[in-house]
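What follows is a structure written as structure tokens; I'll ask about it next.
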Amino acid sequence: MSSPDPQVRAARNHSTPPAVRGPVVAVTGAATGVGALLTARLAASEEVKRVVAIDERRGECAAAQWHILDVRDPAIADRLRGADVVVHLALDLDLETDASARTAYNVRGTQTVLTAAAAAGVHRVVLCTSAMVYGALPDNELPLSEDAELRATAEATGVGDLLEIERLARRAPRAHPGLNVTVVRPAVLVGGTDTALTRYFESPRLLVVAGSRPAWQFCHVEDLCGALEYAVLEKVDGELAVGCDGWLEQEEVEELSGIRRMELPSAVALGAAARLHRIGLTPSPAGDLAYTMYPWVVSGSRLHDAGWRPQWTNEEVLAELLDEVSGRHTVAGRRLGRKDATAAGAAGATVALLGAAAVVRRARKARRRI
């Protein structure tokens with residue numbers, strides 16, 4: 001048998017590689033934070049056909065197709081046409097953002113993305129909230145299952161927004177038949193993040209409320225991206241909790257961090273935190289304190305059953321967090337400059353002093369009335 005014609009051999013050698021059969025994925029909030037990490041991860045995946053990146057500015061991932069716009073703009077529906085999956089990560093949970101403006105952005109943005117996705121023919125939307133929606137309560141099971149009741153209140157930073165997003169997620173399939181919604185709820189997120197819970201470790205003393213039962217579970221952003229990728233590829237769906245395996249007791253956190261505790265009565269700690277926030281001295285409302293008092297550890301069983309495993313341990317994530325916050329000084333959630341921190345001395349004691357002073361003032365007034 002004669003060998004193939006040279007031109008035929010050349011055509012075979014330079015033939016177009018087979019097209020990727022995976023989904024087209026759109027990511028909102030793609031320029032920064034978790035969105036940027038996920039966009040790069042999906043763009044490099046052989047299981048994803050194409051990535052559409054949406055944000056108010058262009059990010060660094062050159063492999064993605066970029067669209068610059070606000071997620072609250074109804075024009076986003078046109079940008080989502082052709083996408084199979086949308087991962088909505090354009091959320092503002094900044095401690096310093098005005099609360100009403102933050103809610104307007106988060107809730108309206110999620111509403112717009114869900115409606116636009118349905119209009120564009122997208123069949124799956126992946127939302128990211130937080131395991132904080134379960135609430136931090138003394139009678140919480142250790143760990144909580146994904147199906148546990150959402151018992152959080154709107155008293156902690158951004159949690160009211162997250163609860164509303166959860167409600168939108170539940171209503172969306174009924175309002176838009178054919179649209180599937182997956183919700184991913186990470187534990188304390190670490191890796192370039194700035195929250196009331198990461199700032200807890202910026203204080204020279206760890207505030208512990210007397211009689212509380214803290215249990216610490218972390219989630220590294222890389223593990224969150226891995227869980228989001230599982231949802232994108234439809235390896236798992238529904239309501240998903242994600243975090244490191246197990247948890248750390250408060251005593252273990254203190255031993256690993258080398259930071260000593262400062263224990264206060266509940267009335268003093270909560271009262272001081274509420275007053276400091278009310279007069280504008282700190283960005284954290286008193287509700288944030290509950291998440292350092294009681295457990296809200298999650299099992300992550302659905303992801304585990306699907307074959308996903310965290311790559312980080314709680315001990316490793318805590319070590320990275322401590323490295324990230326090294327050199328920062330925080331009192332009750334408010335960052336201090338170096339001069340302020342020096343003047344404050346043991347800054348963690350400020351909450352106790354302010355709370356105790358208020359108690360003393362009330363006691364003195366009561367004695368005068370007698």
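Residue numbers start at 1 and run along the sequence shown. What you see is a predicted model, and the numbers here were worked out from it, not measured in a lab.
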Check your understanding: Would you say V184 and L303 make side-chain contact, with heavy atoms under 4.5 Å?
Key -> no
Review point. Would a line drawn from the ring center of Y200 to the ring center of W216 be shorter than 6.0 Å?
Key: yes
Exercise for review: Keeping the roles fixed (side chain from S203, backbone from L206), state whether a donor-acceptor pair exists under 3.5 Å.
Suggested key: no
Practice item. Taking all non-hydrogen atoms of both residues into account, name the closest pair between P23 and D84 and its distance. Key: CA-OD2, 3.3 Å
Practice item. Mark yes or no for whether H220, through its side chain, and W312, through its backbone, hold a donor-acceptor pair below 3.5 Å. Key: no
Check your understanding: Between D245 and T313, is any pair of side-chain heavy atoms under 4.5 Å apart?
Key -> no
Revision key, fill the gap. Tightest non-hydrogen contact, residues T39 and A30, listed as OG1-CB, 3.3 Å
Review point. When rounded to the nearest 0.5 angstrom, what is the spacing between CD in Q217 and CG in L142?
Key: 9.5 Å
Review point. Do N106 side-chain atoms and L93 backbone N/O form a donor-acceptor pair below 3.5 Å?
Key: no
Study note, to complete from the structure: Here the gap from E315 atom CD to E320 atom CD, rounded to the nearest 0.5 Å, amounts to 14.0 Å
**Study point:** Donor-acceptor contact below 3.5 Å, side chain S212 vs main chain P214
**Key:** no
Practice item. Report, as yes or no, whether the 6.0 Å neighbourhood of atom CD on E60 holds more than 12 heavy atoms from other residues, nucleotides or ligands. Key: no
Review point. Between CD1 of I68 and CG of D73, what distance do you get to the nearest 0.5 Å?
Key: 12.5 Å
Check your understanding: Between the main-chain N or O of L137 and the side-chain N or O of R151, is there a donor-acceptor pair closer than 3.5 Å?
Key -> no
Practice item. Run the salt-bridge test on R171 and E164 with the 4.0 Å N-O cut-off and return the result as yes or no. Key: yes
Point to revise | Residue of the set L150, L127, V298 for which side-chain contact (heavy atoms from CB on, under 4.5 Å) holds with R185 | key: L150
Check your understanding: Is any NZ, NE, NH1 or NH2 atom of the basic residue among R58 and D55 found under 4.0 Å from an Asp or Glu carboxylate oxygen of the other?
Key -> no
Review point. Is the backbone of V133 close enough, under 3.5 Å, to the side chain of E166 for a donor and an acceptor to pair up by distance?
Key: no
Practice item. Could you please spell out the steps behind the salt bridge (charged side-chain N to carboxylate O under 4.0 Å, His left out) verdict for R124 and E234? Key: CA-CA 9 Å; R124 179 178 299 274; E234 300 186 31; 3.7 Å; yes
Practice item. Give a yes or no answer on whether the side chain of Y105 reaches the backbone of D92 with a donor-acceptor pair at less than 3.5 Å. Key: no
Exercise for review: Give the minimum heavy-atom separation between A136 and A290, together with the two atoms involved.
Suggested key: CB-O, 3.4 Å
Exercise for review: Decide if atom CD of E255 counts as having more than 12 heavy atoms of other residues, nucleotides or ligands within a radius under 6.0 Å.
Suggested key: no
**Study point:** Ionic contact status for E229 with R41, cut-off 4.0 Å
**Key:** yes
Point to revise | Any W308 side-chain heavy atom under 4.5 Å of V242 side chain | key: yes
Exercise for review: Enter the distance from L162:CG to T110:OG1 here, rounded to the nearest 0.5 Å.
Suggested key: 9.0 Å
Study note, to complete from the structure: Between Y230 and A306, the two heavy atoms sitting closest are CE2-O, 3.5 Å
Check your understanding: How close do P295 and N140 get, heavy atom to heavy atom, and via which atoms?
Key -> O-ND2, 2.8 Å
Check your understanding: Any side-chain donor-acceptor pair under 3.5 Å between S145 and D147?
Key -> no
Point to revise | Validation row: L224, C128 side chains within 4.5 angstrom (heavy atoms) | key: yes
Review point. With distance as the sole test, does D223 use its side chain to make a donor-acceptor pair with the main-chain N or O of Q311 at under 3.5 Å?
Key: yes
Review point. Any sub-3.5 Å donor-acceptor pair from D98's side-chain atoms to A101's backbone N or O?
Key: yes
Check your understanding: Can you find a pair of side-chain heavy atoms, one from F201 and one from L318, that are under 4.5 Å apart?
Key -> yes
Study note, to complete from the structure: In this structure, OG1 of T193 is separated from CD of E324 (nearest 0.5 Å) by 6.5 Å
Review point. Is the closest basic N to carboxylate O distance between R102 and D94 below 4.0 Å?
Key: no
Review point. Of L197, T157, V159, T195, which is the lone residue that meets side-chain contact (heavy atoms from CB on, under 4.5 Å) with D288?
Key: T157
Check your understanding: Quick check: are there more than 12 heavy atoms from other residues, nucleotides or ligands sitting under 6.0 Å from CD of E141?
Key -> no
Exercise for review: Look up atom CE in M262 and atom CG in L264, then write down how far apart they are to the nearest 0.5 Å.
Suggested key: 4.5 Å
**Study point:** Note, I54 side chain near V27 side chain (heavy atom, < 4.5 Å)
**Key:** no
Check your understanding: Looking just at side-chain N and O atoms, do R261 and Q250 make a donor-acceptor pair shorter than 3.5 Å?
Key -> no
Check your understanding: With distance as the sole test, does T292 use its side chain to make a donor-acceptor pair with the main-chain N or O of L289 at under 3.5 Å?
Key -> yes
Practice item. Could you tell me which non-hydrogen atom of A104 sits nearest to which non-hydrogen atom of R72, and how far apart they are? Key: O-CD, 4.2 Å
